[in-house]
Engineer: 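This structure is in structure tokens; I'll ask about it shortly.
Just so we're on the same page: letters track the sequence lines, and every chain starts at 1. Note that these values count all heavy atoms, side chains included, but never hydrogens, waters or copies made by symmetry. Computed from a prediction, not measured in an experiment: that's the story for all the values here.
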Amino acid sequence: MTSFIEEIRKELSERLPNIKLRLVRASILIENPKDLTQVVFYLKENPRFLLDYLSSITAVDYLDYLESVYHLYSMEKKQGPVVLRVRVSKTDTTIPSLIPIYHGAELQEREAYDTFGIIYEGHPNLKRLFMWDGFEGYPLRKDYEQEDSEILETADIEWLESKGIGITNEVKEKAKQMKMENKRAAAQKPEKPRN
Amino acid sequence: MTNFPSKRKSSGIKQWDHVYTSSVQNAPSHHWLKIFGAGALKGMVVTLKNFVTSYFRKPDQGGIFTVQYPEERYPEIENYRNLPFLVYDGSPDKVRCVACGICERECPPKCIYITMETDVAGKPVRKPAVFDIDYAVCMNCGICEEVCPFDSIFMDHVFEIASPRRIDTGMIRHQEDLLKSSEYLQKIRPKTATMIDEKKRAAEEKKKAVVKPPQGPTV
Amino acid sequence: MTQVENRHPSETLEINFGPQHPSTHGVFRMQMLLDGEKICSLKPVLGYLHRNHEQIAENITYAASMAYTDRLDYLNAMTNNFAYAIAVEKLAGIEVPERAEYIRVIMAELARLVNHITVIGFLLNDMGAFFTPLLYAFREREKILDIFEEVSGSRMMCNYFRFGGVKRDLTTENLTAIMQIVRRFPAFLEEFEALLTKNEILCMRCQNVGILPANLAVNSSITGPVLRASGVNYDIRKVDGYSIYKRFDFRIPLGEKGDVYDRYFVRILEMRESLKILYQALNKIPQGEFLNKKTLPFLKMPRNFKPAVGEAYGRIESPKGELGFYLVSDGTPQPWRYHVRAPSLINLTVLEDICIGQKVADAIIILGSIDIVLGETDR
Amino acid sequence: MNMPPLLRDIEFAVDLSFVNAKGWILDLLSHIVPDWVVVFASIVISGVAILVLGPVIMMYLTLLERKLIGRIQNRYGPNRVGIWGLLQPIADGIKMFTKEDIVPVYADKVIHCLAPIVIVIPALMVFLVVPFGERMTAVNLNIGLLYFIAVSSITTIPIFMGSWGSRNKYSLLGGMRTAAQMISYEVPMTLSVVPVIMMSQSLSTNKIVLSQSGSYDMNWFIFTPWGIVGFIIFFLCAVAECNRPPFDLPEAESEIIAGFHTEYSGMKFALFYMAEYMNAFTLCGIAATLFLGGWQGPFLPSWIWFLGKTFVLICVMIWFRGTFPRFRVDQLMGFAWKFLLPLTLINILVAGLCHFISEKTGWIYSFIIFSISFWVLVRLNRPWMPEKRHYPLAN
């Protein structure tokens with residue numbers, strides 16, 4: 001497998017000398033994200049590799065940077081996988097979209113955008129896939145703060161009260177105040193949820 | 001190698017190839033099925049056959065295969081796992097559980113809650129004071145049973161646990177509801193229980209062997 | 001693909017199929033623009049069953065995720081477990097004993113049978129057959145689920161595979177029961193085919209509907225029976241030869257046109273090939289260990305299982321297509337990154353392309369023939 | 001028939017028991033009340049009988065259907081309420097009555113609420129001309145068949161009212177489908193009846209039945225070449241007319257959820273359901289009347305013959321439901337216009353031919369004509385024939 005990657009790298013550095021490549025864990029890291037389309041297109045059309053099948057697109061958060069990982073196979077030659085990586089900083093997360101080359105990238109790129117916030121430039125319909133449109137934040141990033149599960153919303157308090165579950169006046173006061181201030185979370189959950 | 005009694009003597013490829021190929025697909029082209037509507041009529045024959053056989057065939061031969069649930073029940077399968085329970089030996093105060101909290105930590109949906117009991121002086125005792133399982137959250141994966149080093153938590157066979165309430169006395173089960181005797185375990189899981197008993201006996205014997213006072217040198 | 005001319009907006013009808021619709025196989029929504037009964041545009045809307053499976057898995061141990069993979073494609077938990085186990089074994093370099101490999105293959109192929117008969121049953125249900133094919137399919141499925149229950153303890157959420165083997169050994173009774181299923185299954189398939197394959201209404205509904213050309217299928221990363229129905233010879237069992245699939249003699253049925261009928265019939269033929277694999281596996285299964293003894297301590301203490309820093313992508317041919325798990329380890333008990341390459345999500349890419357220009361009723365059966373499970377699509 | 005006279009008397013008495021009972025009541029009344037009241041009472045008795053018969057038949061048809069389909073699918077069907085589930089329809093009725101009656105906010109309320117009422121009326125009106133037995137037709141109209149065709153085609157309107165009034169897109173699609181389907185299938189259905197009218201030379205359902213008597217009362221129209229084809233066409237159209245599988249597009253639950261009755265709940269839904277089953281019953285009854293000799297038949301009482309034939313046809317309908325998937329809307333239209341309609345026209349010609357030549361040659365000629373036309377029609381509708389495909393097994 002390593003030799004195959006080595007072969008590809010050699011070929012690429014010969015044919016596309018302007019593109020900087022690096023081997024990372026038996027895969028090719030493309031230093032400049034802008035070059036991704038060119039590399040992928042070359043690998044797809046070259047009769048030696050014919051990587052016509054884009055198996056998976058995903059992203060990983062490595063704290064300092066985000067990485068988009070592509071697994072390419074060849075259905076024609078039954079070869080693979082060739083793993084390509086692209087790294088972007090967390091502030092500027094644009095990567096060229098692969099949709100012009102692979103139609104199958106559509107939903108996977110949307111998914112990576114949804115969960116990591118990587119903006120795939122040229123995607124015709126880059127909307128959230130799983131989350132709703134108004135959702136804030138990117139849930140699979142490591143710095144994503146989960147909504148505090150120990151906090152009750154005002155609506156929850158009303159619901160609990162209607163079911164006859166007692167809530168202290170202090171919590172209620174705080175909830176009312178929060179509602180006035182238009183904040184979402186109200187107060188700590190009552191102690192001892194299990195009784 | 002497991003050998004199965006086979007009607008055909010050898011298990012060569014050609015012996016069974018024709019069994020696993022589609023006769024409908026391979027039907028000759030001059031077949032009478034070429035008349036328009038014949039395929040539909042053939043389908044109607046299939047349903048009619050099933051209609052007739054449902055009256056006098058056995059369930060696995062084309063008869064009625066449903067189980068009339070409250071009256072008839074499916075035979076209990078030993079490995080069936082549903083929801084966890086705790087085992088005690090003899091009387092309910094002799095709980096096998098030592099409140100080590102491994103199951104609490106390993107439970108994927110975090111549905112177990114344990115606190116250790118303390119004696120009068122405030123020293124912890126190897127016994128659970130609170131052992132709660134939220135049945136509404138439990139996903140029946142059986143990891144608690146697997147990781148328990150003291151063979152005290154097992155997956156039950158009881159599945160009729162519907163309750164109109166989620167919190168009080170409903171789906172959150174406390175220690176006293178969860179405790180079941182080791183005889184019950186023997187009843188629902190004879191193989192596992194026997195294995196555990198043997199293991200325990202062996203361990204005890206080993207302990208005895210170790211505890212045996214060293215014999216003095218023989219003169 | 002048929003090009004539909006743009007009519008005046010008032011002549012078209014915008015309609016939301018789902019999320020509560022009996023034939024979207026769960027909570028899935030298709031935003032359709034209809035001209036009469038013809039579809040002008042179709043947009044899939046997902047996420048109603050999203051529970052952030054990947055986030056959950058990144059916060060628990062490797063072993064605990066196994067139980068969650070059952071919930072991905074809840075029709076065949078066995079193959080989900082298989083893919084995850086393969087990915088983790090690749091990551092940690094665990095060897096699997098011979099007998100365990102055989103047991104895994106037997107379980108995966110039984111799961112394939114379960115999936116394919118269920119899918120065909122539901123496809124016919126979408127087509128309007130009043131539950132009859134579905135219940136015939138369920139009749140056989142129950143027998144296989146009984147085996148799953150006896151072996152793993154649960155009918156659908158099996159949680160049976162472990163890293164380096166399986167949870168429990170197969171007894172001789174289990175093997176005989178599976179052999180009986182394999183012996184009887186062809187007769188059931190014959191009955192099923194007599195009911196369906198040559199039925200004129202089914203042929204009228206399915207043939208030349210939702211044609212997926214081979215080049216579009218490859219370009220859209222379609223996998224599984226849907227791809228093979230388009231005539232592309234790509235089966236990961238053959239290509240990768242993972243586990244011990246290289247040892248078995250089986251072939252890959254290919255479709256001719258790539259329409260709904262081909263997808264239906266390729267599934268029928270695949271079941272027959274699965275039976276061949278099962279027959280061989282049952283005859284060859286050796287005695288031995290069912291679990292790598294080196295992994296036993298990890299079973300008792302999942303928190304001690306810490307694969308070395310690295311990454312792995314393990315994929316198998318699940319009944320729905322290529323199911324892959326991409327894992328990145330940072331040397332802690334929890335994976336740093338856990339990604340599922342879900343076949344039923346990616347197979348949805350072509351839904352719009354093959355539905356445009358067809359009738360409303362066709363969109364339903366095309367969706368049924370693509371075979372999605374929302375647990376896996378939305379994750 | 002040489003039966004002993006006593007047996008014949010008994011048979012006659014059983015046969016006419018309902019008629020005699022009604023006559024006896026009227027006779028009793030005529031002693032105490034004036035004549036016009038007796039006439040009125042006669043109408044009321046027949047009316048009440050039909051009004052009771054309709055819903056009862058509908059209730060037990062649902063049970064029969066569920067039971068039969070259950071058996072087809074290797075399960076029991078309803079068996080919890082009463083012995084063999086016999087009280088199930090009553091439980092369903094109670095459920096329907098106690099359910100909340102929902103009217104969508106934006107619906108056209110008048111039309112929405114009127115539709116289920118309107119749909120039951122033609123379904124009940126058709127019962128008037130169905131000959132349940134010897135001298136057991138409620139109204140012996142001399143244009144009974146025309147009346148039946150006219151009244152049963154009203155059903156399209158309330159279905160369209162319901163679909164339009166609900167203001168639901170699925171309902172609208174269902175309503176459109178219904179209108180197209182029911183109007184299309186009325187044409188071949190009416191034309192398939194024409195040979196019967198030609199042969200019996202009457203439009204009265206009673207006369208049609210009487211013209212099918214003969215040796216052993218078995219001279220039914222289905223035993224003629226044009227009768228058997230006409231019967232099959234009429235029956236297929238009847239299945240389509242009462243929206244039953246495989247022609248149940250207006251209420252396809254897997255495509256447009258329930259079509260025109262998506263928004264109906266409780267008793268309004270039950271009325272739609274009732275109309276559908278009563279239509280199924282009357283259409284099967286008329287099919288039996290026209291082609292299967294109605295109440296004609298040896299040995300058994302006439303009304304048993306009639307009900308027996310009708311229920312056999314209904315069971316076939318249920319059997320269809322348990323077997324077939326649904327057509328697509330364009331195929332459905334094509335089936336009516338491109339297949340059934342030409343076949344009915346040929347059938348009329350064959351019926352004329354059979355009238356003028358001897359029976360044996362008639363069978364031979366019509367067999368040849370029908371097979372050729374069948375073959376040609378199927379070939380012309382080219383996409384109908386299943387394609388033979390080849391599936392290579394790659395390595």
Engineer: Report which part of C:A187 has an atom under 4.5 Å of a heavy atom belonging to chain B: side chain, backbone, both, or neither.
Structural biologist: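 Neither part, no heavy atoms under 4.5 Å.
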
Engineer: Side chains of C:L195 and B:T47, heavy atoms from C-beta outward: is any pair under 4.5 Å?
Structural biologist: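 SC-SC contact between C:L195 and B:T47 confirmed.
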
Engineer: Could you give the distance from NZ (B:K49) to CD (C:E191), rounded to the nearest 0.5 Å?
Structural biologist: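 Atom-to-atom, B:K49:NZ and C:E191:CD are 5.5 Å apart.
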
Engineer: Just checking C:R51: does its CZ atom have more than 12 heavy atoms from other residues, nucleotides or ligands closer to it than 6.0 angstrom?
Structural biologist: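 Enclosed.
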
Engineer: So among C:E150, C:E149, C:R155, which one has a side-chain contact (heavy atoms from CB on, under 4.5 Å) with B:Y80?
Structural biologist: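 For B:Y80, the side-chain contact (heavy atoms from CB on, under 4.5 Å) test succeeds with only one of C:E150, C:E149, C:R155, which is C:E149.
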
Engineer: Among B:P109, B:P108, B:G43, B:C141, which has the most heavy-atom pairs under 4.5 Å with chain C?
Structural biologist: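 Of the candidates given, the most pairs with chain C belong to B:P108.
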
Engineer: Between the side chain of C:K300 and the main-chain N/O of B:E146, is any donor-acceptor distance below 3.5 Å?
Structural biologist: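 Yes; at least one donor-acceptor contact below 3.5 Å.
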
Engineer: At a 4.5 Å cut-off on heavy atoms, which part of B:C107 comes close to chain C: side chain, backbone, both, or neither?
Structural biologist: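 For B:C107, neither part sits under 4.5 Å from chain C.
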
Engineer: Considering only heavy atoms and a distance below 4.5 Å, find which of C:M301, C:R168, C:M66 pairs most often with chain B.
Structural biologist: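 Option with the top pair count is C:R168.
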
Engineer: Give, as side chain, backbone, both or neither, the part of C:I56 having an atom under 4.5 angstrom from any heavy atom of chain B.
Structural biologist: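 For C:I56, there is no contact with chain B at all, as no heavy atom is under 4.5 Å.
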
Engineer: Considering only heavy atoms, which portion of C:F192 lies under 4.5 Å from any heavy atom of chain B: side chain, backbone, both, or neither?
Structural biologist: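 Neither part; nothing is under 4.5 Å.
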
Engineer: Measuring only between side-chain heavy atoms, which start at C-beta, is B:N140 closer than 4.5 Å to C:M157?
Structural biologist: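 No, every pair of side-chain atoms sits at 4.5 Å or beyond.
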
Engineer: Donor-acceptor pair, distance only, cut-off 3.5 Å: does the side chain of B:R105 make one with the backbone of C:R303?
Structural biologist: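 A pair under 3.5 Å: no.
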
Engineer: Go through B:I102, B:N50, B:N82, B:I143 and name the one with the most non-hydrogen pairs under 4.5 angstrom from chain C.
Structural biologist: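 Top option by heavy-atom pairs under 4.5 Å: B:N50.
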
Engineer: Taking all non-hydrogen atoms of both residues into account, name the closest pair between C:E200 and B:A40 and its distance.
Structural biologist: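 What the structure gives for the nearest pair is OE1-N, 3.0 Å.
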
Engineer: Write out, in numerical order, the residues from residues 139-148 of chain C with a heavy atom short of 4.5 Å from a heavy atom in chain B.
Structural biologist: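 C:R139, C:K143, C:D146 fall under the 4.5 Å cut-off.
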
Engineer: Measuring heavy-atom distances to chain B, does C:I60 have an atom under 4.5 Å in its side chain, in its backbone, in both, or in neither?
Structural biologist: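 Interface part for C:I60: side chain.
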
